[in-house]
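This is a predicted model, so every value here is computed, not measured.
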Amino acid sequence: MKLLLKWLLSAVALLCVAYVYSGVEVRSFPAALGAAFVIGLFNVVLRPILVVLTLPVTILTVGLFLFVINALMFWAAASVLGDGFQVRGFTAALIGSLIYSALGLVIEAALGGLFVRK
């Protein structure tokens, strides 16, 4: 139940990103659902591999390179999905992923309060 709710709220967060920032475009709620799924899938499968491969650069930049990895995941999802979810360049991906990550933290905090384990 928590996973389904997080997926729906992540899609809403993508719609909010598109509303707040013009560099990201989401055409519909089903497109946002697909984009949230693909971003989540990329973050689970590809992100850990990229983090390990770029560990020296991440250490040299004191962790700031992780923002680049997040932007790449965001941008890659847009390139896979096509017309429903579009990102206009790497800078737009970076700003969009920062906003999306901030909204994701809010979602996690809200869901953590809802689904408290006893």
Can you give me the closest heavy-atom contact between [X] and [Y], atom names plus distance?
{"X": "Ala13", "Y": "Leu103", "result": "O-CD1, 3.5 Å"}
{"X": "Ala78", "Y": "Val87", "result": "CB-CG2, 3.5 Å"}
{"X": "Asn43", "Y": "Pro48", "result": "O-CD, 3.5 Å"}
{"X": "Asn70", "Y": "Ser101", "result": "ND2-OG, 4.3 Å"}
{"X": "Ile107", "Y": "Ser10", "result": "CD1-N, 3.9 Å"}
{"X": "Ala71", "Y": "Ala93", "result": "O-CB, 3.6 Å"}

Look up atom [atom1] in [X] and atom [atom2] in [Y], then write down how far apart they are to the nearest 0.5 Å.
{"X": "Ile95", "Y": "Ile99", "atom1": "CD1", "atom2": "CD1", "value": "7.0 Å"}
{"X": "Ile69", "Y": "Ser97", "atom1": "CD1", "atom2": "OG", "value": "11.0 Å"}
{"X": "Leu50", "Y": "Leu55", "atom1": "CG", "atom2": "CG", "value": "12.0 Å"}
{"X": "Phe29", "Y": "Leu14", "atom1": "CZ", "atom2": "CG", "value": "10.0 Å"}

So do the side chains of [X] and [Y] get within less than 4.5 Å of each other, counting heavy atoms only?
{"X": "Phe90", "Y": "Leu72", "answer": "yes"}
{"X": "Val80", "Y": "Phe85", "answer": "no"}
{"X": "Gln86", "Y": "Val24", "answer": "no"}
{"X": "Ile59", "Y": "Phe65", "answer": "no"}

Please determine whether residues [X] and [Y] belong to a single hydrophobic cluster, defined as Ile, Leu, Val, Met, Phe, Trp and Tyr linked transitively by side-chain heavy-atom distances below 4.5 Å.
{"X": "Ile49", "Y": "Val38", "result": "no"}
{"X": "Trp75", "Y": "Val17", "result": "yes"}
{"X": "Val52", "Y": "Leu60", "result": "no"}
{"X": "Leu105", "Y": "Leu111", "result": "no"}
{"X": "Phe42", "Y": "Val26", "result": "yes"}

Look at atom CZ of Phe67 and say whether more than 12 heavy atoms of other residues, nucleotides or ligands are closer to it than 6.0 Å.
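Check fails, neighbour count at 12 or below.
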
Taking OH in Tyr21 as the centre, count heavy atoms belonging to other residues, nucleotides or ligands within less than 6.0 Å. Is the count above 12?
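More than 12 within 6.0 Å, yes.
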
Classify the ring geometry of Trp7 against Phe37: parallel below 30°, tilted from 30° to 60°, perpendicular beyond 60°.
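It falls in the perpendicular class, over 60°.
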
Taking Met73's backbone N and O only, do any of them form a donor-acceptor pair with Arg47's side chain (distance below 3.5 Å, no angle check)?
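Checking the backbone N and O of Met73 against the side chain of Arg47, no donor-acceptor pair under 3.5 Å is found.
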
Between the side chain of Arg88 and the main-chain N/O of Ser22, is any donor-acceptor distance below 3.5 Å?
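Such a contact is found between Arg88 side chain and Ser22 backbone.
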
side-chain contact (heavy atoms from CB on, under 4.5 Å) partner of Leu66, chosen from Thr61, Thr58, Val57
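With Leu66 as partner, side-chain contact (heavy atoms from CB on, under 4.5 Å) holds for just one option, Thr58.
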
